[in-house]
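Only one structure is covered here, and it is reproduced in the block below.
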Amino acid sequence: MPELPEVETVRRSLETQCVGSVVLDAQLNCPGLRWPFQDDFLQRLEGCRISKLDRRGKYLLVHLEGGDALIVHLGMSGTITIFDDGPGQLRPHDHVVITMEDGRLLIYNDPRRFGSMEIVSAGDLESHRVIGRLGPEPVAADFDAFVLATALQGRRCSIKSALLNQHVVAGVGNIYACEALHRARISPRVLAGSLATSSGKPTPRCRRLAPAIKSILLSAIAAGGSTLKDFAAPDGAVGAYPSSFRVYGRDGLRCRRSGCSGVIRIFTQQGRSTFACPRCQRS
DNA sequence: CCGCGGGCCTGAGAGC
DNA sequence: TGCTCTCAGGCCCGCG
């Protein structure tokens, strides 16, 4: 579910509501998410004050005073919700329940359990087996056609697959890959390496794609992300970005590019649905 | 190293 | 109504 804009929406909400708060205790209601919880997970969490909220790609980084960081991934169906008062009745799949010193509850719910939580030393984040290998951050100020070209160089998969590869660009998922390729007028099927460089410079397509990725993601963040079914910010707000979709979920509908009379088509690439306009995304 | 296909889970919706 | 089937925003793993 959550791609970069949704995780950033969660990060901003938690930053406002939780920085400075202290974890009183935590409760685990299943053996693990994608992997079993660490043996010392609760001990390292309880009693810690939350000092900072960062994000890297689709990973939320919750910094704790004392030097640890909690790495959270929401998988396909994970949500974090803050409840102001009382325990009440837990819902199905409320796998991690954190009680703050002020009485608020921070609950991680994840029906499919594709998410993950891990506590590491903050100093080890850069060398972390996953975090340390992520590609460039597409909403960073220095992300441009040169950075993208370097990441795509030599890739022999389709550009759609390359964008979904977190080692190439961090944070792009199926929705925003489709949307960015449409905005840049690039066919999802073209060879990724073919739009890297030409005589040492980023190709014209690469020079369209890099800003397209960035502006799509920034617009989606500004809209609070995309709620398809179950995504919501910790305060319950849903994401408004789906009303801006130009291709995702629009199979059989008219292309929304002005002047284009194409019809959006759906097809499968590496087991994932791709939506594209065959008329304005021809090469 | 790279790319691909299967698997991991539950729930919603379509079709019968 | 209820059953079965397919599909979903992601990523890890083993294989070639």
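In what follows, chains are A, B, ... by sequence order, proteins preceding strands, each numbered from 1. On a predicted model such as this, the values are computed, not experimentally measured, just so you know.
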Problem - 5′-ward residue of the pair A/F114/A/K229 relative to DNA chain B - result: A/F114
Practice task
Measure the distance from CD1 on A/I266 to P on C/dG9 and round it to the nearest whole Å.
Solution key: 9 Å
Handout entry: Rounded distance (Å) that lies between atom P of B/dC9 and atom CG of A/D230
Key = 19 Å
Problem - Within 45° cone and under 6.0 Å: A/R189 NZ/CZ vs A/F267 ring - result: yes
Problem - Separation between the P atoms of B/dG5 and C/dC7, rounded to whole Å - result: 16 Å
Exercise for the section: Answer yes or no: does a side-chain N or O of A/Q166 lie under 4.0 Å from OP1 or OP2 of C/dG10? Expected result: no
Side-chain donor-acceptor contacts of residues 240-249 of chain A below 3.5 Å, not counting sequence neighbours, with atom names and distances?
residue	atom	partner	partner atom	Å
A/S243	OG	A/A240	O	3.1
A/R246	NH1	A/R256	O	3.3

Handout entry: Short side-chain N/O contact from A/R113 to OP1 or OP2 of B/dT10, under 4.0 Å
Key = yes
Practice task
Name the pairing partner of B/dC9, where a pair is Watson-Crick or G-U wobble with both distances under 3.5 Å, or state none.
Solution key: none
Handout entry: Sugar-phosphate, base or nothing in reach of A/S273, heavy atoms under 4.0 Å
Key = sugar-phosphate
Practice task
Starting at atom CZ of A/R112, determine the distance to atom P of C/dC7, rounded to an integer number of angstrom.
Solution key: 13 Å
Handout entry: B/dG11 versus C/dC12 - spacing of their C1' atoms, nearest Å
Key = 23 Å
Handout entry: Where protein sits on nucleotides 1-6 of chain B, one letter per nucleotide: B base, S sugar-phosphate only, - none, heavy atoms under 4.0 Å
Key = -SSS--
Exercise for the section: Check whether any side-chain N or O of A/H93 sits under 4.0 Å from OP1 or OP2 of B/dG11, and answer yes or no. Expected result: yes
Practice task
Verify the ring-centre separation between A/Y108 and A/H95: is it less than 6.0 angstrom?
Solution key: no
Handout entry: Short side-chain N/O contact from A/K58 to OP1 or OP2 of C/dC11, under 4.0 Å
Key = yes
Exercise for the section: Compare side-chain N and O positions of A/Y248 against OP1 and OP2 of C/dG9 and report whether any pair is under 4.0 Å apart. Expected result: yes
